[in-house]
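Below, chain A is the first sequence line, B the second, and so on; all start at residue 1.
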2 protein chains.
Amino acid sequence: MTAPLKHRTLSAAIVDRLRQAILAGTYPAGSQLRQDAMAETYGVSRIPVREALFQLEAEGFVRIVPHKGAIVSELSLDEINDVFDLRCLLEPRLLSQSAPRFSASDFAALDAIQARFETAIAAGDVGQWGVINAEFHMALYTKARQPRTQSIVAALLQTSDRYTRLQLSNTAAMGIAEQEHAELIRQCRAGRFTEAAAFLVGHIEAVRADLLRVVARSGAAGGATNSRSVALE
Amino acid sequence: MTAPLKHRTLSAAIVDRLRQAILAGTYPAGSQLRQDAMAETYGVSRIPVREALFQLEAEGFVRIVPHKGAIVSELSLDEINDVFDLRCLLEPRLLSQSAPRFSASDFAALDAIQARFETAIAAGDVGQWGVINAEFHMALYTKARQPRTQSIVAALLQTSDRYTRLQLSNTAAMGIAEQEHAELIRQCRAGRFTEAAAFLVGHIEAVRADLLRVVARSGAAGGATNSRSVALE
DNA sequence: TTAGCGTAGATTTTATACAATCGAGGAGTC
DNA sequence: GACTCCTCGATTGTATAAAATCTACGCTAA
C-alpha cells in the first residue's frame, strides 16, 4: 500500500500522505487516527506518525486531545465562511503588493502552472486540481513582502481545498476557475492591478458560492448549525 | 533549574518553557537549539523536546531544517509590519462580530483580566504583561463565530509579544495600553461598537509606532533591511 | 435498580538505543 | 598551491520498549 516515499524525512512523507488521505476522504471527519494503525499502514514506527499528526494539527486538519488521540476535524459552516472571508480579505492585499513587482520570469512561472492546470482538468484529476490551484494562487503572491500573510494564505488554501473536494467532479466549476486564472494573468500583464484585485475577490466568492450551494443541497458539513468554535487558551 | 512542570504532557510543558525563554531573550534570534542540550536542561528525553520544537515552528518562533536542527527565527522589519497590518485588519472585524453578543459574564471576565493587568503593570512584571495583554484581546473576541480568525489572531498576539519585549521596561507605554483597554470596555458596554472597533485600530497602531520607534533608534531587529521572506513551497 | 469503586485493557506518552545524515578537516593527486 | 575525495565526529531521525494515562466494564453495596 505504500509507494516510493522519497521525502527528506519520514515524518514529512507521512504528513503528505495523511493530508492527501484526509483531503480524499479516506479518513472522514470525526474518525480517530490511531498511531499504531497508521504506523503499520505506512510501514514505519510510531514516532514519525506522531510528528506528522502534530503537524497536521497545526494545519487544522486534526484535533489532538492529550492521552486520547487525534481526530479528523469537523467542517463547520462557520469555519467555511470564516476561511473564505479571510481569503477575500487577504489575497487581494497580497496581489496588490506582489503584481507590480512581477518580472518576466514570474509571468513565465504563472503560465507554466496554468498549463499544468489545464492538463489536470482535462484529465479530470481532482486530486491534482487542488494542489495546482494553491500553487497558482501562491505564485501570484511571491513578490509580496508579507511573509506572515503568505503562510496564512497557504494554509487557508489547503483548507479550502478540503472543503472544495466535497463537491468532487464538478468539472464545470473547474473550467470556470481555469478561465478566471487566465484572466487574472492577463490583467496583471496589462498592469491593471486594482482591477485584478477586484476580479480576484469575485473569483474567490464564486468558489465559495458554488461550495455553499452544494453543501446546502446535500446537507453535508458535519455540525452545520452547531458552531463549535475552538476554545482558545 | 526546572520548576513545577505541572502540565498535561511533558511536550506541552516544554513548549511553554521554550516559548517563554525565547520571548525573554534567553535564546536570542539566530541561535541554534540543540535537542540534546534542551533535553538535559529540562531533565527529559529528546522526544518531548522534538515535539516542542515542531510546535514552536508552527507558531513561527523557530525554523527547522531537516537534519540540521532548529534555529530561533530572526525578526525582520517586513514581518513586524505584516503582523501589525494583519492585526489591524482582523481584530476590528472580530470585535464587531463579538461585542454585540457580550453578556454580563463576558464583561465580568474582561474586568477581571483588566484587574490582573493593572497589578502586573504595577509590579513591573514584563513577562506577565504580554500574556495578560493577549488574554484581554482574545477575551474581546470570544463571542465572534470566526474560529479560524481567532486562532490566527492568537498566534499574531504571541508574535507581537515577542517583538514588544524588545523595548522592555517601557512602563509608560504599558500604562497607556491599560487605559486604552479600559476605554475599550467602556465603549463596548455603551454599545458603541463601530467606535470601539475604530479605537481598537488606533490602539494597535500606537503599539506598532512605539515599537518601530525603538527598533529604528536601537538599530535592533536582526536583518532589518534584509527582507528575507520565507520561501513558500 | 443504581451509584460508586476498582481493575483490566487499550492507547498514548516518554525513555533508551540504534541508524542515517551532514559538515569539517586532512590525505592524496594533478 | 588548489582541488577532490574520504573519513570522522557531532547531531538529528527512527525504531523498540517501558511507563503513564484514560476508558470501559464489572463488581459491591446502599
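Taking for each of A:His67 and B:Ile64 the nucleotide of DNA chain D with the nearest heavy atom, the 5'-most of the two is the partner of B:Ile64.
In this structure, the side chains of B:Leu23 and B:Arg19 come closer than 4.5 Å at one or more pairs of heavy atoms. Side-chain contact check for B:Asp85 versus B:Leu89: every heavy-atom pair is 4.5 Å or farther apart. Using a 4.5 Å heavy-atom threshold, the side chains of B:Phe117 and B:Glu135 count as separate.
A sub-4.0 Å separation between OP1 or OP2 of D:dT23 and a side-chain N or O of A:Lys68 is present.
If you check residues 31-38 of chain B against DNA chain C, you find no residue with a heavy atom closer than 4.0 Å. Contacts of residues 45-55 of chain A with DNA chain D (heavy atom under 4.0 Å): A:Ser45, A:Ile47, A:Pro48.
Below 30°, between 30° and 60°, or above 60°: for B:His137 and B:His181 the angle between ring planes is above 60°, a perpendicular geometry. Using bins of under 30°, 30° to 60° and over 60° for the plane-to-plane angle, the ring pair B:Phe107/B:Phe102 lands in the perpendicular bin.
Mapping heavy-atom proximity under 4.0 Å, the span of DNA chain C touched by chain B runs 5' to 3' from C:dT14 to C:dG23.
A salt bridge links A:Glu51 with B:Arg50: at least one charged nitrogen is closer than 4.0 Å to a carboxylate oxygen.
Of the possible polar contacts, none joining the B:Gln128 side chain to the B:Arg116 backbone as a donor-acceptor pair under 3.5 Å is found. Within the 3.5 Å criterion, the main-chain N or O of A:Leu94 finds no donor-acceptor partner in the side chain of A:Ser98.
Distance, A:Glu40 CD to D:dA15 P: 13 Å, rounded to whole Å. The CZ atom of A:Arg8 sits 12 Å away from the P atom of D:dT14 (whole-angstrom rounding).
Across every non-hydrogen atom of A:Asp82 and B:Gln146, the tightest pair is OD2-C, 3.0 Å.
Side-chain contact of A:Ser11 with A:Thr9: a donor-acceptor pair under 3.5 Å is absent, judged by distance alone.
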